[in-house]
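A single structure is presented below for examination.
Keep in mind that this is a model prediction, so the values were computed, not measured. Residue numbers count from 1 along this sequence.
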Amino acid sequence: MTGTDGGRTVRARGVVLVLAGALLTLASYRLFDWYDVPGQAADSTRSVTFSALGTSADQLTDAAFATAYFDWLAWVLLIALILIGVAANVRSGLTDPLRVAGFIVGLGGAASTYFALTTYFDAAGSAHNVFDNSSWGLWAALAGFLLGGVGAALGPGRAAR
């Protein structure tokens, strides 16, 4: 779409990146396993999903951030990334602040994911770090938030006067 000044009013590339990142993050929440933990038998593996992490975090006493993340914060960050990221790619007087805010939400989503898992493992008394036995879900969540943040940052700048 073009505006009256001949400049593009919607940056399609940025919107596509924001939505691709959001879909990747959503898939990590609903479809992918976050961890593959070796089971007791030699040929068994126990898959850990986003919802299983949430259920487990609810039972830990010192995992308040992890509990909040898996209960509601992850969803709020995803919705904020979509709304701010798409709005950042539509030319308006708020485009520049929205581009910065969308990028920060993307970075914040990835950082919150990492911090929630660190809190979770610390509260569980695990000696493992966040990336031990990690699977597609964790990587998709991190990549999705970062991709969405980059898509927001690519929004159109204010028109030169």
Between Phe145 and Leu81, which heavy-atom pair has the shortest distance, and what is it?
-> CD2-CD2, 3.9 Å
Going from CG on Leu17 to CG on Leu146, what distance comes out if it is rounded to the nearest 0.5 angstrom?
-> 12.0 Å
hydrophobic_cluster_shared for Leu107 and Leu138, side chain cutoff 4.5 Å = no
Does the side chain of Tyr120 come under 3.5 Å of the side chain of Ser126 through a donor N or O and an acceptor N or O?
-> no
Is any side-chain heavy atom of Tyr114 closer than 4.5 Å to a side-chain heavy atom of Phe131?
-> yes
About how many Å separate CG of Asp132 and CG of Asp36, when rounded to the nearest 0.5 Å?
-> 13.0 Å
Give the cluster check for Leu98 versus Val150: same hydrophobic cluster or not, with ILVMFWY residues linked at side-chain heavy-atom distances below 4.5 Å.
-> no
pair Leu77-Trp72: side-chain heavy atoms closer than 4.5 Å | no
From Ser51 atom OG to Asp71 atom CG, the distance as rounded to the nearest 0.5 Å = 11.5 Å
When you look at Trp139 and Phe32, which way does the ring pair (Phe, Tyr, Trp, His ring centres under 6.0 Å) test go after all the steps?
-> CA-CA 10 Å; Trp139 295 106; Phe32 298 145; over 10 Å; no
Can Tyr69 and Ser112 be counted as having a side-chain donor-acceptor contact under 3.5 angstrom?
-> no
Would you say the side chain of Ser135 lies within less than 4.5 Å of the side chain of Tyr35, judging by non-hydrogen atoms?
-> no
Between Trp34 and Phe50, how do the two ring planes meet: parallel, tilted or perpendicular, split at 30° and 60°?
-> tilted
Between Gly85 and Asn89 the two heavy atoms that sit nearest each other are O-ND2, 2.8 Å
ILVMFWY network linking Val10 to Leu154, side-chain heavy atoms under 4.5 angstrom | no
Of the non-hydrogen atoms in Ala116 and Ala66, which two are nearest, and what is the gap between them?
-> O-CB, 3.3 Å
Tightest non-hydrogen contact, residues Arg99 and Gly155, listed as NE-O, 3.2 Å
Kindly give the heavy-atom pair with the smallest separation between Val48 and Ala52, and that separation in Å.
-> CG1-CB, 4.3 Å
With the side chain counted from C-beta on, respond yes when Leu60 and Thr67 share a heavy-atom pair under 4.5 Å apart, and no when they do not.
-> no
Would Leu147 end up clustered with Val100 when hydrophobic side chains under 4.5 Å apart are linked, directly or stepwise?
-> no
OG1 of Thr113 to CG of Leu117: how many Å apart, nearest 0.5 Å?
-> 7.0 Å
If every non-hydrogen atom of Trp75 is compared with every non-hydrogen atom of Arg30, which pair is closest and at what distance?
-> CH2-CD, 3.8 Å
Separation between CG (Leu24) and CG (Leu19), nearest 0.5 Å, reads 12.5 Å
Over 12 foreign heavy atoms within 6.0 Å of CZ, Phe103 | no
Same cluster or not: are Leu31 and Leu23 linked, directly or through other Ile, Leu, Val, Met, Phe, Trp or Tyr residues, by side-chain heavy atoms under 4.5 angstrom apart?
-> no
How far does OG of Ser28 sit from CG of Asp33, to the nearest 0.5 angstrom?
-> 11.5 Å
